[in-house]
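Note that the coordinates shown come from a computational prediction; the quantities given were computed from them, not determined experimentally. Chain letters run A, B, ... following the sequence lines, proteins first and then strands; every chain starts at 1.
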2 protein chains.
Amino acid sequence: MEESGEGHRMSSTERRRPPTIHDVARVAGVSRGTVSRVLNGGHNVSPGAAEAVRAAIRKTGYVVNRHARSLITGRSDSVAFLLTEPQEKLFEDPNFNVLLRGCTQALAAHDVPLLLMIAGTPAERRRVTRYVTAGHVDGVLLVSSHTGDPVAEQLVEAGIPVVACGKPIGRKGRTARLAHVAADDRDGAREMVRHLVSLGRRRIATVAGPMDTPGGVDRLAGWREVLVEAGLPAGEELVAHGDYSRDGGERATAELLERVPDLDALFVASDLMARGALAALERAGRRVPRDVAVGGFDDSPAAVSGLPELTTIRQPWDRISSEMVRVLMGLIGGEEPSAVILPTELVRRESA
Amino acid sequence: MEESGEGHRMSSTERRRPPTIHDVARVAGVSRGTVSRVLNGGHNVSPGAAEAVRAAIRKTGYVVNRHARSLITGRSDSVAFLLTEPQEKLFEDPNFNVLLRGCTQALAAHDVPLLLMIAGTPAERRRVTRYVTAGHVDGVLLVSSHTGDPVAEQLVEAGIPVVACGKPIGRKGRTARLAHVAADDRDGAREMVRHLVSLGRRRIATVAGPMDTPGGVDRLAGWREVLVEAGLPAGEELVAHGDYSRDGGERATAELLERVPDLDALFVASDLMARGALAALERAGRRVPRDVAVGGFDDSPAAVSGLPELTTIRQPWDRISSEMVRVLMGLIGGEEPSAVILPTELVRRESA
DNA sequence: CTGAAAGCGCTTACAG
DNA sequence: CTGAAAGCGCTTACAG
């Protein structure tokens, strides 16, 4: 006979203990070991026993206690999505959201929960590093546009499976073993600049990202490459830098406009900065695309969040997130780190 | 003498077992029980023993194994941030990001990890409900703009601590015990419409949200209230509905422009919809704010993501997220559900 | 194919 | 104030 409560009041938030593997075993008429075997792949279990166990699971509403499982397996069956950007910028960039959503859903398909961790300050970084290296998660999806990230190195050195979003350009060798997934920045930039050239533009300036980010370095390299190839000017006066924020793009564009008043096209290394560029151009009285053609990068929600809609380079975020999860699950399973570079695509809209 | 490895190769991803409470006890020269007491508040421990334990923790780099702790305490020391919106819209709305970041950080201060869960489809909802009711998290921060959410009811009925963002307007009684935190939608709408009236506007239309959301209902009520009070028209022809998306705002505005060509102001129930409204107005050749003054709601990043910058009503997201976490931690600790309504603030920019 | 048993790392009455 | 011991719910060799 089941006894419950035994005279002690249940407070409003106290829940009944959920059924355990023991309850399932009793209902199914087998041992706990057999239930566990059914739960873990069903090897070495007779069809009859397996069916009895499955029926008992349905009947009891049993759900495995992950803490108990983790305690013995040593795995947590969860992963962290770690952002090491300064906090303010993090969520201003729509790319983070797309990536976060994609990773959450790709992991859900594996029944693996995602822990969101933010480590913008040194103190937060210490907290997170401690948490992760203590084994509370099986692996880390790392997102930071700036490379040479000390967190990445620490985690990799501690033997934690880590997959970065974007190509690491830190001190060579140390990050060589850092698995990563990225879009082909250089080739994407080339495609956009070729497009601007094909439009007949000849004074093509660029708002580049910071040079400690792969998007900053590689998209600038792609811009230069195509211009040099085409025999068009590609000097330093045609380059200004932004920090991937809208305001940064606006400032950099104002700077370019002052330095190169006759520019007829602008390749901006991110859509969000491009929105700022559009604002600067409007304030300066330039019509887009008539006076100045503007090409962005990312195909983020920012590309269509205002007028004119941006012609841009699409980063395949869905694939980036699913590949990040795939590579991370592989690492956790013992595979070697790998790098995945995904192709981009030109998306033509109104601005160029 | 420590033995490790004992002849079996460590694969590249295998980590050394982290130190346990047993290691700390040995180094400190006390029992495991004493170490545990120091870890859990330090009651009934002599100062000398406590200091020895703390030193041993530093020396060994010990971090508690949360799985073992949870197994015995029955708490997971983690909470879920659950989104039950259809997936596409989720991350288009900048408010979600601000809220997510705020909650993550408020929880981090309690050393409580946040699990991000998305349940847009019925299948996902079942998965998540099962996971949560199995006790894998201690509580849920629930975000969905649509109310009468079946997930909320199920969780509350299962005795799970839940705090919703936004006032629930589901079937009365059933959601009465649902703790929630919200901005004062009605009062915020009133303030904005009063502002538009003070600008001398007399034909003030509105793009309202869906009527199954509190923001849809209450902001519309605030709009109507002030107009009636001021003796201005507030009929149905002045109301169009959007779904909180940019495109929805654009469509609704085009509809209004057709129906009420002489409108001179527009109160839009969200900044994102207001950006769409601005696009519709521009396409129709209306100047903002000269021809039509536009007031938004939220003060989300969308408010300043284009020109003109939006005059809007600020929702205190930082406080909303910190209050949600505070109320949830209270619920988990056994407190009764409570509702927190936070004041809003008019932010004047260019559009009105 | 199956059960009995050990043990993962921790917390918490229970004695002292 | 402190230690020895039980036990949280599970997985996994180990016998049979």
Just jot down the side chain to side chain donor-acceptor pair (under 3.5 Å) partners of B:S36, sequence neighbours excluded, or say none.
->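 Once residues adjacent in sequence are excluded, the partners of B:S36 under the side chain to side chain donor-acceptor pair (under 3.5 Å) criterion are B:N40.
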Which residues satisfy the side chain to side chain donor-acceptor pair (under 3.5 Å) test with B:D318, sequence neighbours excluded?
->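 Side chain to side chain donor-acceptor pair (under 3.5 Å) check on B:D318 returns nothing, list empty.
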Suppose we screen for side-chain contact (heavy atoms from CB on, under 4.5 Å). Which residues come up paired with [X], at least two apart in sequence or across chains?
| X | answer |
| --- | --- |
| A:I72 | none |
| A:P122 | A:R125, A:R126 |
| B:A339 | B:H180 |
| A:A52 | A:A28 |

Pair listing, salt bridge (Lys or Arg N to Asp or Glu O under 4.0 Å) test, anchored in residues 35-50 of chain B, at least two apart =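 Matches after skipping sequence neighbours: none remain.
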B:S46 side chain N/O closer than 4.0 Å to the phosphate oxygens (OP1, OP2) of D:dT2?
->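 Checking D:dT2 against B:S46, a side-chain N or O does come within under 4.0 Å of OP1 or OP2.
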Interface with DNA chain D, restricted to residues 49-67 of chain B and to heavy atoms under 4.0 Å =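 Hits under 4.0 Å, by residue number: B:A49.
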Can you pull every protein N or O that's under 3.5 Å from an N or O on nucleotides 3-5 of chain C?
residue: C:dG3; atom: OP2; partner: A:S31; partner atom: N; Å: 3.0
residue: C:dG3; atom: OP2; partner: A:S31; partner atom: OG; Å: 3.0
residue: C:dG3; atom: OP2; partner: A:T34; partner atom: OG1; Å: 2.7
residue: C:dG3; atom: N7; partner: A:R37; partner atom: NH2; Å: 3.1
residue: C:dG3; atom: O6; partner: A:R37; partner atom: NH2; Å: 2.6

By salt bridge (charged side-chain N to carboxylate O under 4.0 Å, His left out), which residues pair with B:R32, not counting sequence neighbours?
->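 Salt bridge (charged side-chain N to carboxylate O under 4.0 Å, His left out) list for B:R32, sorted by chain: empty.
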What pattern of brackets, bars and dots sums up DNA chain C from 5' to 3', given Watson-Crick or G-U wobble pairs under 3.5 Å, [ ] for crossing pairs and | for another strand?
-> |||.||||||||.|||
Sequence neighbours excluded, every pair satisfying side-chain hydrogen bond (donor to acceptor under 3.5 Å, both in side chains) that has a member inside residues 59-76 of chain B =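 The answer is B:R66-B:D111, B:R75-B:D77, B:S76-B:S78, B:S76-B:D138.
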